[in-house]
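Proteins come first, then strands; the chains are lettered A, B, ... in the order of their sequence lines, and each starts at number 1.
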Protein chains: 2
Amino acid sequence: MNPALIKVMLVDDHPMVQDGLSACLSFYDDIAIVGNCGDGSAVLETAKQCQPDVILMDISMPKLNGLEATEIITESLDSAKVLIFSMHESAEFVTNAVQAGASGYILKDTNSEEVYQAIKSIAQGKSYFSSSIAKMLIENPPAQANARLTAREQMILSYIAKGQSSKDIAQTLTISVRTVEAHRRNIKSKLNLDSLAELVRYAMNQGLIDS
Amino acid sequence: MNPALIKVMLVDDHPMVQDGLSACLSFYDDIAIVGNCGDGSAVLETAKQCQPDVILMDISMPKLNGLEATEIITESLDSAKVLIFSMHESAEFVTNAVQAGASGYILKDTNSEEVYQAIKSIAQGKSYFSSSIAKMLIENPPAQANARLTAREQMILSYIAKGQSSKDIAQTLTISVRTVEAHRRNIKSKLNLDSLAELVRYAMNQGLIDS
DNA sequence: AGTACAATCCGTACTACTACCGACATCAAG
DNA sequence: CTTGATGTCGGTAGTAGTACGGATTGTACT
């Protein structure tokens, strides 16, 4: 076993992205793909088997999203560094990712050379962020960092984003309409979002609902 | 020049997907990538230069979305067949794509072998659809086919999806609130969507707003 | 024991949106 | 020239959501 060999594990729900990354990274002989995983819920188990140095992780996935998966990984396996590979170019996502323990964040509109450089940096214990990230953090307001929703709030939000009214949700969960409205207010306050449309976009980006 | 060589052009706004596809398809010696394009607005020009047999096109792109680009291509270049490569697994997208002139529709969760098969079918003048598409068309309601929004309606919808109220939009466009509300009703009626949340999701999937 | 937070519920008044009905001007196509 | 689609605007009534106020329970951590 080459001691300089970097073991990389892929986590993405799109097989084509996995195939593409595998193919691109196979050109570099100091990188080995040791496993991949199409769902956040199986990440920890797979990672324990593969013992990767770097985990290249998509943020938006069904079931368990990338941020939660990252948190689980960084708490359970300190040998593995997490590199987020996202299409979302928003300051909020980056800060959330860093708080969850990610070592780096690159965008899906980067080329394979930059992915390679990022993986090498992460493996050496450094951090790596796409060049456009810094620019974005400056331009976009830093936003609120404390945007963690409770399980109940996430549940309510997912129903909201699916198009259900407060009344519907109240009936579904057999609670009062006022309670749902209170959750609604709390969610909007926490996320610092005003309109229903922004809530829906947030929910979609977080993977709380599909497509 | 090998007469059996299939010239393929890629249209996707994610360089990594382009790189991945190029890498995957390079294993097949009867396929040649003759060009790629990161934006729907430059598709026609690039296609005229490259003269591809098959155009592998993403649906959701900034500026000009894949469906509109497909329509332009199929009307201007009948030599080129369009194969849609989408992550959206909804009957509505498929029917819209076919109406726009696409010869096939595959999902991003297919593997590279299936992409290759799809390209070969399309090049021979056949059509190709992911196996899950047929299942989906049966399970999902056939939905309404006549879902074409006018330019004005698209504009209104984009403002709605950005979180603006009817009042805001009326002020922005200097028209009456009642007019905006009328457009709202027409849009929902055309798309057969009830809730604001569904409108937002539709707009996002159509690429009318970013992220 | 005290504090903090989550989750539950209520009153009241206001704003936004919806559903139903209607209308009129314009412009392209049959 | 009539027909249809589009974009414009209105009345009226009802429903949904928001913005202020509160309040009570339970759990969990210090």
Can you give me the N/O atom pairs linking the protein to nucleotides 3-5 of chain C at distances under 3.5 Å, or say none if there are none?
none

Between the protein and nucleotides 22-28 of chain C, are there any N/O to N/O pairs under 3.5 Å, and if so, what are the atom names and distances?
none

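A:Ser121 places a side-chain N or O within donor-acceptor distance of the main-chain N or O of A:Gln117, the cut-off being under 3.5 Å. Of the possible polar contacts, none joining the B:Lys190 side chain to the B:Leu149 backbone as a donor-acceptor pair under 3.5 Å is found. With hydrogens and angles ignored, the 3.5 Å screen pairs no side-chain donor or acceptor of B:Gln154 with any backbone N or O of B:Ala151. At least one donor-acceptor pair closer than 3.5 Å links the side chain of B:Lys188 to the backbone N or O of B:Asp194. Between the B:Gln18 side chain and the B:Asp12 main chain, a donor and an acceptor come within less than 3.5 Å of each other. Judged purely by atom type and a 3.5 angstrom limit, A:Gln171 has no side-chain atom pairing as donor or acceptor with the backbone of A:Ser176.
Side-chain contact check for B:Asp53 versus B:Val8: every heavy-atom pair is 4.5 Å or farther apart.
As rounded to whole Å, 8 Å separates atom P of C:dA16 from atom CG of B:Asp168. Per the geometry, CD belonging to A:Gln154 stands 14 Å off C1' belonging to C:dA6, to the nearest Å. As a whole-Å value, the separation of A:Ile156 CD1 from C:dC9 P is 10 Å. Distance, B:Leu196 CG to C:dA19 P: 12 Å, rounded to whole Å. Put simply, NZ on A:Lys188 is 10 Å from P on D:dG17, counting in whole angstrom units. In this entry the distance linking CG of B:Leu157 with C1' of C:dC17 reads 16 Å, nearest Å. Distance B:Gln164 CD to C:dA16 P: 13 Å, rounded to the nearest Å. Rounded to an integer number of Å, the gap from A:Asn186 CG to C:dT8 C1' is 11 Å.
Not one side-chain nitrogen or oxygen of B:Arg184 sits closer than 4.0 Å to the OP1 or OP2 atom of C:dA19. Residue B:Lys167 places no side-chain N or O under 4.0 Å from the OP1 or OP2 atom of C:dT15. For the OP1/OP2 pair of D:dA5 and a distance below 4.0 Å, the side-chain nitrogens and oxygens of B:Lys190 include no atom meeting the criterion. Taking only side-chain nitrogens and oxygens, B:His183 comes nearer than 4.0 Å to OP1 or OP2 of D:dT8.
Salt bridge status for B:Glu181 with B:Arg178: present, with a side-chain N to carboxylate O gap under 4.0 Å. Using a 4.0 Å cut-off between charged nitrogen and carboxylate oxygen, B:Lys162 and A:Glu198 do not count as a salt-bridge pair.
Ranking D:dG7, D:dG17, C:dA7 by closeness to the A:Arg152 side chain, first place goes to C:dA7.
Using modelled atom types, one finds a donor on one side chain and an acceptor on the other under 3.5 Å when comparing B:Ser165 with B:Asp168. Side-chain contact of B:Ser130 with B:Tyr105: a donor-acceptor pair under 3.5 Å is absent, judged by distance alone.
Around the CZ atom of A:Phe85, the shell of radius 6.0 Å holds more than 12 heavy atoms that belong to other residues, nucleotides or ligands.
Shown for residues 169-181 of chain B: residues whose heavy atoms fall under 4.0 angstrom of DNA chain C, namely B:Arg178, B:Glu181.
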